[in-house]
Amino acid sequence: MCGIIAYIGNKPVMPILIQGLQRLEYRGYDSAGIALVEEGELTIIKTKGSVDSLSDLLRESKHQAVYGIGHTRWATHGVPSDTNAHPHASCDNKLTLVHNGIIENYKELREQLISEGHKFISETDTEIVVHTIEKYYQGNLEEAVIKGIQDLQGAYALALISAQEEKIVLVRKQSPLIIGVGEGECYAASDIPALLPYTKKVVILEEGDIAILRKDNFQVINSEGKEKRVEVIETTWDAHLAEKSGYPHFMLKEIYEQPTVLKDTLRERVSEDQLLLDEADLGDLIPNLRKVYFGACGTAYHATLVGKLYLETLCDLEAETEVASEFRYRDVPWVKPAVGIIVSQSGETADTLGVLSRLKELSYPVIGITNVIGSSVSRESDRTIYTRAGPEISVASTKAYTSQMLVLLLLALSWSKKRNKLNYEKERYYIKELKELPFKAQQVLDKSELFLEIARELKEVKHLFYLGRLQDYYTALEGALKMKEISYLHAEAYAGGELKHGPLALIENNTPVIAFLSNKSIAPKMLSNFEEVRSRGGKIYLFTTLDIKESSFRIVKLPDSDMLVSPILNGLVLQLLAYYTARECGASIDKPRNLAKSVTVE
Ligand code: AGP
């Protein structure tokens with residue numbers, strides 16, 4: 001995934017491009033570059049390394065250009081290098097572009113273009129795009145783009161400029177691109193936060209849209225060149241939401257936002273005595289539904305494990321969930337009537353979108369649960385339920401995870417009603433639990449000192465285990481992922497009953513075991529699993545809503561909550577543990593090595 005920024009107006013473009021790229025760096029940060037046009041001359045400055053290295057390169061430059069494009073890269077084809085950095089230019093250096101996505105037929109196009117005399121200097125798939133547009137360019141950029149993109153296969157968000165025309169042309173196909181509408185100026189970016197300091201008026205480009213930005217107007221056309229009417233929406237996200245607001249890391253800010261986020265996720269969906277999740281209302285399909293097929297990756301996948309348990313417990317409904325990169329290629333016995341539920345914070349994860357398309361091909365109705373308005377998941381789903389978590393900048397997903405589970409709980413409760421499995425008393429019971437959730441989340445955050453103390457013990461370890469059963473096992477999976485991806489400590493999650501079938505061999509003196517226990521019915525079994533660990537010298541850190549008295553364990557008592565709600569509260573526990581441990585280890589936290597915020601490649 002990469003970040004694109006573009007501007008055309010009356011202000012010097014360079015600082016706008018650099019500041020925009022700094023806000024987009026979470027999307028990719030192995031190289032960066034900008035292109036601008038001044039008096040008919042195209043200038044490209046690009047470098048391997050961060051946006052700050054690019055900014056250092058530009059410190060002495062005196063460019064006064066008023067339109068240009070910028071890019072921060074997460075390499076997919078071609079190693080991070082100055083040459084492979086974007087923007088890429090045509091042979092005559094009259095055209096240039098930046099790209100987010102993957103061109104799948106770039107090899108054959110490259111050979112074809114070389115045979116037609118084009119010279120390539122990079123190893124990227126992107127460079128074939130600018131040569132393809134150059135091939136059709138006869139003085140009108142959008143006309144050349146309409147022709148050129150017919151040759152391309154794959155995913156591409158593009159921003160292009162020509163030295164001969166004062167405009168910016170955008171294309172959106174399977175990768176997001178948003179226009180920012182200013183006074184006598186236009187912006188474009190890969191996501192909304194990069195635009196917030198300049199404008200809240202945005203146009204979210206749709207699949208296949210082509211846009212032409214000029215100083216004082218913009219047009220959106222389709223692939224036949226016909227103008228489209230588009231809606232300029234006023235986003236409610238403020239610039240400060242996309243900044244750290246005084247926290248040392250976006251991740252900690254986003255962890256602490258969760259009481260508010262949970263309130264926002266519930267807003268208008270729960271009244272005093274009624275559940276109102278209209279977005280999930282699929283009419284009379286629900287009472288006879290036989291199955292749900294989930295599609296998700298990583299943390300979102302862990303949320304769907306909890307979602308599956310909700311559907312089983314509350315709706316007596318079967319659900320299939322597996323990581324999207326596996327599920328999309330499986331030939332499962334497809335049953336009907338069934339519904340697809342796609343869960344994705346970014347709404348752009350390639351493997352998750354692969355499952356979405358598969359479910360659509362099989363004519364299943366699809367509900368998308370996503371955090372980003374106008375994302376591919378929201379456009380391609382039949383129904384969309386927004387998590388309303390606000391921009392999640394840190395690569396490690398936190399508030400999106402807990403809000404995804406909350407949406408899944410709301411969905412399961414509303415479907416449970418439709419399937420006559422939730423009587424009025426039960427509904428009121430869960431409404432009370434839901435309304436208390438944001439306050440209980442704050443109570444967990446108020447224990448952060450305890451998590452910090454434990455983190456100080458964990459930072460010295462090389463391996464640690466996470467244990468749980470049922471919903472606590474799914475919490476353990478997410479806990480291990482969070483710890484791995486930001487502290488780089490090796491962590492494994494196991495179902496409590498599974499340890500003795502092999503992994504117990506790894507438990508030795510002082511091996512830390514992080515355990516979750518929120519389900520009374522299986523407490524005795526879990527306690528005997530803990531004994532297996534303790535008797536081999538392992539050290540138990542138990543996070544529980546139950547009253548467990550065991551002096552040899554480090555026990556953190558969590559706020560009482562229904563066992564279906566506990567995974568949401570445990571989400572904050574595992575996040576704080578991972579965060580503080582990573583901070584104690586001196587890790588970078590918001591931008592973990594090798595990872596990007598949204599994996600838009602397969
Ligand atoms: C979460 O901490 C990870 N960064 C990663 O597993 C992420 O959840 C996964 O890539 C899915 O992303 P999505 O929710 O945007 O689809």
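Counting starts at 1 for both ligands and their atoms, following the listed order. Not measured: the values here are computed from a predicted model.
Exactly one of Q345, R388, Q404 qualifies for a side chain to side chain donor-acceptor pair (under 3.5 Å) with N371. That residue is Q345.
Of all non-hydrogen atoms in L577 and L458, the two that sit nearest each other are CD2-CD1, 4.1 Å.
Taking every non-hydrogen atom of A300 and a distance limit under 4.0 Å, the qualifying atoms of ligand 1 come out as 8 (O), 14 (O). Per-residue contacts place S397 under 4.0 angstrom from the following atoms of ligand 1 (heavy atoms of the residue considered): 1 (C), 2 (O). Close approach of ligand 1 to T299 is summarised as follows: ligand atoms under 4.0 Å from at least one heavy atom of the residue are 1 (C), 2 (O), 6 (O), 8 (O). Residue contact check: Q345 has heavy atoms under 4.0 Å from atoms 13 (P), 14 (O), 15 (O), 16 (O) of ligand 1.
Side-chain atoms of I393 and R23, non-hydrogen and from C-beta on, never get closer than 4.5 Å to each other.
Between Q575 and Q258, the side chains place a donor N or O and an acceptor N or O closer than 3.5 Å (distance only, hydrogens not considered).
Not a single N or O atom of E478, backbone or side chain, sits closer than 3.5 Å to an N or O atom of ligand 1. In terms of N/O distances under 3.5 Å, ligand 1 is approached by S346. Checked against a 3.5 angstrom limit, the closest N/O atoms of V395 and ligand 1 fall inside it. By the 3.5 Å distance cut-off applied to N or O atoms, S344 is counted among the residues near ligand 1.
With a 4.0 Å heavy-atom cut-off, ligand 1 is reached by the side chain of K482 but not by its N, CA, C or O. When non-hydrogen atoms are compared, ligand 1 lies under 4.0 Å from the side chain of E485 (C-beta onward) but not from its backbone.
Remark: side-chain polar atoms of H86 are not paired, donor with acceptor, to backbone N or O of G70 under 3.5 angstrom.
Closest to atom 10 (O) of ligand 1 among all protein heavy atoms lies V599 CG2, 4.2 Å. For atom 13 (P) of ligand 1, the closest non-hydrogen atom on the protein side is T349 OG1, 3.3 Å.
The closest approach between a heavy atom of A396 and any atom of ligand 1 is below 4.0 Å.
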Ignoring hydrogens and angles, write down the donor-acceptor pairs under 3.5 Å from the side chains of residues 361-369, residues two or more places apart or on other chains.
unit_1 : atom_1 : unit_2 : atom_2 : d
Y364   : OH     : V335   : N      : 3.3
Y364   : OH     : V335   : O      : 2.7

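Here atom 9 (C) of ligand 1 lies nearest to C297 when heavy atoms of P592, A400, S598, C297 are compared.
Taking the six-membered ring where the residue is Trp, F451 and F543 present tilted rings, their angle falling between 30° and 60°.
Contact check on D331 versus R358 returns a salt bridge, with a Lys/Arg side-chain nitrogen under 4.0 Å from an Asp/Glu carboxylate oxygen.
Applying the ring-ring contact (aromatic ring centres under 6.0 Å, His included) definition to pairs two or more places apart or across chains, those involving residues 562-601 are H249-Y579.
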